[in-house]
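Chain identifiers are assigned alphabetically (A, B, ...) following the order of the sequence lines, protein sequences preceding nucleic acid strands; residue numbering begins at 1 within each chain.
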Amino acid sequence: MINLLYFARLREALQTGSETLDPQSDSTTVATIVDQLRARGGVWQDVFAENQTVLVAVNQEMCDLEAAVKDGDEVAFFPPVTGG
Amino acid sequence: MNQIKIQTEPFDLTAIQEEMRRQNPAIGAVVTFLGQMRDINEGDQVTTMTLEHYPGMTEKALQAIVDEANERWQLLGIRVVHRVGPLQPLDPIVLVAVASAHRGEAFQACEFIIDYLKTRAPFWKKEQTPEGERWVDARHTDEQAEQRWKRAGS
């Protein structure tokens, strides 16, 4: 299982902060997870639309869509950061 | 010595500076940046701001920024304190303090750390205005500030 986390604007739009997801295959990437989430339609499709800037971290390191994801990983999605 | 703290309670700028400057007689300069909550943003009154973060990743991201600053400059100590939770205008939000033998390193490293924090540390601000709540959008000028350091290289 993969642990998914959502923060800030995304968490509110999706009305959840976390969930677990069954990876579709052993060689999953962030991109395939995003496709899986988009396929849910509705607000999921809107939040992960091509024109939306969503940042991603795998095991708490920022990465891009090509990053590999394996069983037990923590994948977090969030909007551009605004701290400081 | 370096120290990173994420906390809900306020921090005491003077106490942190004092503790820092006294730890090593080789320190000749302490530069601090204090970010505080404004009562106005994008022309609208802001009554409260709530800061959210990603526990675990936030500390790691800040540590990576502090490590990079230590690689780029000769420094004698770094403190980063960032608050989360609800804040009121005038409340301190973030403190970056850097100690070095001479002022140049401390000035540059302090600006580098806050610039990178703005674009790389997972914090998000939500403002409460008389018209309701809204998430603060990332600023293009913050990206430009980060790019400047990338061009400067290591």
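Taking the side chain as every heavy atom from C-beta outward, B:M57 and A:F7 never approach each other to under 4.5 Å.
Between A:V81 and B:P122, the shortest heavy-atom distance links the atoms CG1-CA, 3.6 Å. Of all heavy-atom pairs between A:G84 and B:I93, the closest is O-CG2, 4.0 Å.
A:L5 touches chain B through its side chain: at least one heavy atom from C-beta onward sits under 4.5 Å away, while N, CA, C and O do not.
B:L95 and B:I27 fall into different hydrophobic clusters, defined by Ile, Leu, Val, Met, Phe, Trp and Tyr side-chain heavy atoms under 4.5 Å apart, directly or through other members. Both A:F77 and A:V43 are assigned to one and the same hydrophobic cluster, defined by single-linkage of ILVMFWY side chains at heavy-atom distances under 4.5 Å. Both A:I2 and A:L65 are members of a single hydrophobic cluster when ILVMFWY side chains are connected at heavy-atom separations under 4.5 Å. Connection of B:F123 to A:V56 is not established within any shared hydrophobic cluster, with ILVMFWY side chains joined at heavy-atom distances below 4.5 Å, either directly or through further cluster members. If you chain together hydrophobic residues whose side chains sit under 4.5 Å apart, B:I78 and B:V31 never meet in one group.
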Can you pull out all donor-acceptor pairs below 3.5 Å that join chain A and chain B?
unit_1 : atom_1 : unit_2 : atom_2 : d
A:A8   : N      : B:E52  : OE2    : 2.9
A:R9   : NH2    : B:D137 : OD1    : 2.6
A:R11  : NE     : B:E52  : OE2    : 3.3
A:R11  : NH2    : B:E52  : OE1    : 2.2
A:R11  : NH2    : B:E52  : OE2    : 3.2
A:E12  : OE1    : B:K126 : NZ     : 3.4
A:E12  : OE1    : B:W135 : NE1    : 3.0
A:E12  : OE2    : B:K126 : NZ     : 2.4
A:N59  : O      : B:K60  : NZ     : 3.4
A:Q60  : OE1    : B:M57  : N      : 3.4
A:E74  : OE2    : B:Y54  : OH     : 2.4
A:P79  : O      : B:W124 : NE1    : 2.9
A:T82  : N      : B:F123 : O      : 2.8
A:T82  : OG1    : B:K125 : N      : 2.9
A:G83  : N      : B:F123 : O      : 3.4
A:G83  : O      : B:K118 : NZ     : 3.3
A:G84  : N      : B:H82  : NE2    : 2.9
A:G84  : O      : B:K125 : NZ     : 2.8

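B:F107 CZ: 12 or fewer foreign heavy atoms inside a 6.0 Å radius.
Grouped with B:V136 in a hydrophobic cluster is no other residue, since no side-chain heavy-atom contact under 4.5 Å to another Ile, Leu, Val, Met, Phe, Trp or Tyr is found.
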